[in-house]
Amino acid sequence: MNSAVRSRKTSRRHPSQVGLALLGVIALAAGCGGGGEGGGADGEVTIEFMQWWEPELPDGAFQSLIDQFEEENPGINVEVLSGPYASIKDQVIAGSASGTMPDVLGLDGAWVNDFATQGSIANLSEAMSEAGYDDSQLAAQVQMDSSTYMIPVVNFAYPMFVNNELLEEANVEEIPTTRGEFVDAAQAVTDATDASGFVAALGLEKPNGVQIDILPWAWASGATMLTEDGAPAINNPDIVENIEFIKSMWDDGLIVPGGLTMAEQDKVEEFTNGRVAMMISSLAHINLIRENNPDLDFSVAPVPVTEGYTGESGVRYASWGIGMSASTEHPEESWKLIEFLLSEGANGELAGYANGFPGNVNVTPDFSDSDPLFEDAFEIWQAGYPVSEFTGLPMADELMRVLDEQLQQVLAEDRPVDDALGDVQTEWEGMF
């Protein structure tokens, strides 16, 4: 069984901040009992919608959209079940195993393969076909065997963050656009300042650093870690070259040495405090950096590409995905809610509240009240294509862990890259 994220530009390419709302956990325990209520005597229907998004949005923002949906769709009531990401994850995993999923639910792409294999989430391709929905307006779709099971509603791009002051201090006049220019800039910063050129968070406790800090270099140059049919190909020449590039920077002392034990928040702290010149990170961190160091002069830019590459660049992203229970008693009403959240008006509002990019390609975000860097990042997003190749894969977290463990050996123990990726390929083939 293969998987892919289908973007608006290719059929081949393919989380969230944790909220602190304890109240949502109580709502989950009381509210999730296997889908919404049936039609009452007055013909009204109640559907359940479980997600982690509401606690991460401004107060009242999410409920205002739900109120709008109910007003436009009389007879459909939405019971909102909100909680922190970790709690929602536990709830939906338990619901998938027991067959008690809510009608509509927020999804992380890493969950999709397991849920679809278990038959607990609905085939949205069928729902879209039955509704006559034009899916060309969707920025991406998470698919298995050419069928969609999750649709990204809000996307969070991961461009390169650049400390402008450090580059200026090192006499680097232009933000690097190629790997060679990047190495030169990182070397100049390392030589001229007390900072490092680059930082990668590769701690094994949460091994997603391989998809945030390492593989985006390959994706930016159009490379992939998968075959055309979605099978693993992590030891292909493009990925080997990518890891050798990272290894060379590590050996030259251009990467923060503590990265092998860092979590993502540690990496962002290094950048925020001016101890590193460049990093790849989520746009969600712009406001955090501004808050913690208002005087930091930084910008966002595309991830540099290999010399001579002129094609479109893959832009790594994470998303708030949405799906539907396979056992919902109200598939038409559930799809109406999904369609509403992907409509131009509602999707634009939701993306604006979240400081993310819309799942509907026809929506242009309103940046009038946003940090100017969001508009810069949107230009990067539009110029490339969204890519997140671990999304929809089986045992995605474990796949990342296997790669991270071998990468640690390459960097810390000088293990040959070919040998390391060969072992990763063998393990991945067994896991697929």
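Side-chain contact between Leu407 and Lys247 is absent, with no heavy atoms from C-beta onward closer than 4.5 Å. Contact check for Val153 versus Asn347: side-chain heavy atoms found under the 4.5 Å cut-off. Counting heavy atoms from C-beta on, the side chains of Asn163 and Met278 never come closer than 4.5 Å.
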Self-check item: Test salt bridge (charged side-chain N to carboxylate O under 4.0 Å, His left out) applied to Asp423 and Arg415, step by step
Solution: CA-CA 11 Å; Asp423 284 353; Arg415 186 165 194 223; 2.7 Å; yes
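Residues Ser98 and Thr100 approach most closely at OG-OG1, 2.7 Å, considering heavy atoms. Residues Ile280 and Pro216 come closest through the heavy atom pair CD1-CB, 4.1 Å. The minimum heavy-atom distance linking Asn155 with Pro358 is given by the pair ND2-O, 3.3 Å. The nearest pair of heavy atoms linking Gly392 to Val142 is CA-CG1, 4.1 Å.
Under the 30°/60° scheme for interplanar angles, the aromatic rings of Phe161 and Phe298 are found to lie parallel.
A salt bridge links Asp213 with Lys267: the distance from a Lys NZ or Arg NE/NH1/NH2 to an Asp or Glu carboxylate oxygen falls below 4.0 Å.
In this structure, the separation between CD on Gln118 and CD1 on Ile93 is 9.0 Å, given to the nearest 0.5 Å.
Partner Phe156 forms a ring-ring contact (aromatic ring centres under 6.0 Å, His included) with one of Trp320, Phe357, Phe378 and no other, that one being Trp320.
For an aromatic pair to be called close, the ring centres must be under 6.0 Å apart, and Trp219 with Tyr158 fails this.
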